[in-house]
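Attaching a single structure in structure tokens format; questions to follow.
We count ligands from 1, going down the list as the structure has it; atoms in each ligand are counted the same way. Count residues from 1 along the sequence.
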Amino acid sequence: MDGATARKTISEVNLMDYEEFIKVFGNVIEHCLLCAAAVWRYRPFKSVKHLYEEICTFVDQLPGSGREGILRSHPDLAGRVAMQGQLTAESTREQRTAGMADLTPQERDHLLQMNKRYREKFGFPFVICARLNRKDVILESLEVRLDNPAEVELEKGIAEVKKICQLRLSDLLESEAVNCRL
Ligand code: 2AL
């Protein structure tokens with residue numbers, strides 16, 4: 001969306017009916033509309049930070065299987081879904097910002113192989129906040145994180161999901177800082 005003209009204030013958010021709320025916030029966690037649906041009950045939100053923290057709390061309270069499910073809802077960086085042009089608008093923009101559209105064929109092959117190894121080891125995809133990283137850093141992080149135990153990667157992946165969520169909320173809402181728990 002074009003945030004510059006359409007950003008909402010928290011007061012406007014509090015006036016939204018459920019359907020509108022879901023339409024606006026349903027993808028702040030990729031393909032996990034449930035996260036927005038779950039926090040609806042905490043209106044009125046005192047601030048953008050409050051909304052963000054309720055989403056984080058919901059995510060943190062999920063069992064490990066639920067948090068793994070959230071990671072599995074994310075598309076691989078420069079993966080099949082991206083190649084087929086099937087990413088959500090948000091992911092398309094994020095992956096482009098990180099330079100995923102400009103990988104050399106060698107870089108792309110390397111990333112695909114590392115993503116495959118990561119998925120085989122952990123059973124969920126490598127997730128990183130693409131807008132806060134560039135391709136070299138992403139490739140480096142992937143190599144380093146491949147050596148971690150699964151429980152560490154579950155935590156790291158979810159921390160990245162929260163950063164993605166924070167930036168997506170910032171795109172949708174008036175500029176009040178959401179800077180918490182990063
Ligand atoms: C993504 C994505 O689609 N956007 C982002 O920031 N990270 N995917 C991923 N596997 O890390």
Side-chain angles (χ1 to χ4, degrees), residues 1-3 7 24-36 48 51-52 55-56 58-60 62 64-104 107-173 177-182:
M1 81 176 258
D2 178 2
R7 282 197 176 102
V24 174
F25 297 107
N27 206 48
V28 292
I29 304 234
E30 182 77 2
H31 294 306
C32 293
L33 184 149
L34 174 63
C35 296
V48 178
L51 168 57
Y52 170 73
I55 294 171
C56 291
F58 175 74
V59 169
D60 289 338
L62 289 171
S65 57
R67 280 177 289 128
E68 284 185 8
I70 286 182
L71 294 179
R72 270 184 218 111
S73 302
H74 285 70
D76 277 346
L77 294 169
R80 183 179 46 81
V81 181
M83 292 307 285
Q84 291 173 344
Q86 301 289 319
L87 293 174
T88 60
E90 294 93 332
S91 279
T92 302
R93 179 171 155 205
E94 291 156 2
Q95 297 208 16
R96 196 178 294 137
T97 304
M100 292 297 109
D102 311 318
L103 295 173
T104 63
E107 286 170 335
R108 186 162 183 279
D109 280 354
H110 183 53
L111 181 56
L112 288 185
Q113 273 179 25
M114 302 282 288
N115 269 336
K116 186 163 175 280
R117 277 179 55 202
Y118 185 100
R119 203 183 268 274
E120 281 167 4
K121 175 167 176 186
F122 298 113
F124 48 78
F126 171 74
V127 175
I128 190 164
C129 179
R131 277 161 82 180
L132 295 180
N133 293 282
R134 293 297 171 266
K135 62 180 183 179
D136 296 354
V137 180
I138 288 174
L139 284 165
E140 257 174 57
S141 304
L142 184 40
E143 299 223 11
V144 171
R145 283 175 50 185
L146 253 171
D147 286 336
N148 284 332
E151 59 278 14
V152 171
E153 269 316 293
L154 180 55
E155 258 184 49
K156 283 196 179 287
I158 289 295
E160 295 297 316
V161 166
K162 290 176 185 173
K163 292 179 197 173
I164 297 168
C165 172
Q166 185 187 42
L167 290 174
R168 289 184 180 185
L169 282 174
S170 300
D171 290 338
L172 295 167
L173 294 162
V178 193
N179 57 349
C180 37
R181 291 170 53 163
L182 270 190

Inset, instruction - Output yes when E160 and K156 qualify as a salt bridge under the 4.0 Å nitrogen-oxygen rule, no when they do not. - result: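 Answer for the salt bridge query: no.
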Inset, instruction - Test side chain to side chain contact (heavy atoms under 4.5 Å, CB included) on F25 and L169 and set out the steps. - result: CA-CA 8 Å; F25 297 107; L169 282 174; 3.7 Å; yes
Inset, instruction - Sequence neighbours left out, what pairs pass ring-ring contact (aromatic ring centres under 6.0 Å, His included) with at least one residue falling in residues 80-104? - result: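 Applying ring-ring contact (aromatic ring centres under 6.0 Å, His included) to every pair that reaches into residues 80-104, excluding sequence neighbours, yields nothing.
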Between ligand 1 and the protein, which N/O pairs fall short of 3.5 Å?
| residue | atom | partner | partner atom | Å |
| --- | --- | --- | --- | --- |
| ligand 1 | 3 (O) | S91 | OG | 2.8 |
| ligand 1 | 3 (O) | Q95 | NE2 | 3.3 |
| ligand 1 | 4 (N) | E94 | OE1 | 2.6 |
| ligand 1 | 6 (O) | E94 | OE1 | 3.4 |
| ligand 1 | 6 (O) | I128 | O | 3.4 |
| ligand 1 | 6 (O) | A130 | N | 2.8 |
| ligand 1 | 7 (N) | I128 | O | 2.8 |
| ligand 1 | 8 (N) | P75 | O | 3.1 |
| ligand 1 | 10 (N) | P75 | O | 2.8 |
| ligand 1 | 10 (N) | F126 | O | 2.9 |
| ligand 1 | 11 (O) | I128 | N | 2.9 |
| ligand 1 | 11 (O) | I128 | O | 3.1 |

Inset, instruction - Taking the side chain as every heavy atom from C-beta outward, state whether V59 and C35 have any pair of such atoms under 4.5 Å apart. - result: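 The answer is yes, as the side chains (C-beta and beyond) meet within the 4.5 Å cut-off.
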Inset, instruction - Determine yes or no for a side-chain-to-main-chain donor-acceptor pair under 3.5 angstrom, with N148 supplying the side chain and V144 the backbone. - result: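 Pair absent, no side-chain N/O of N148 close to backbone of V144.
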Legend entry - Separation of R168 CZ from L173 CG (nearest 0.5 Å):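 With rounding to 0.5 Å, CG (L173) is 14.0 Å from CZ (R168).
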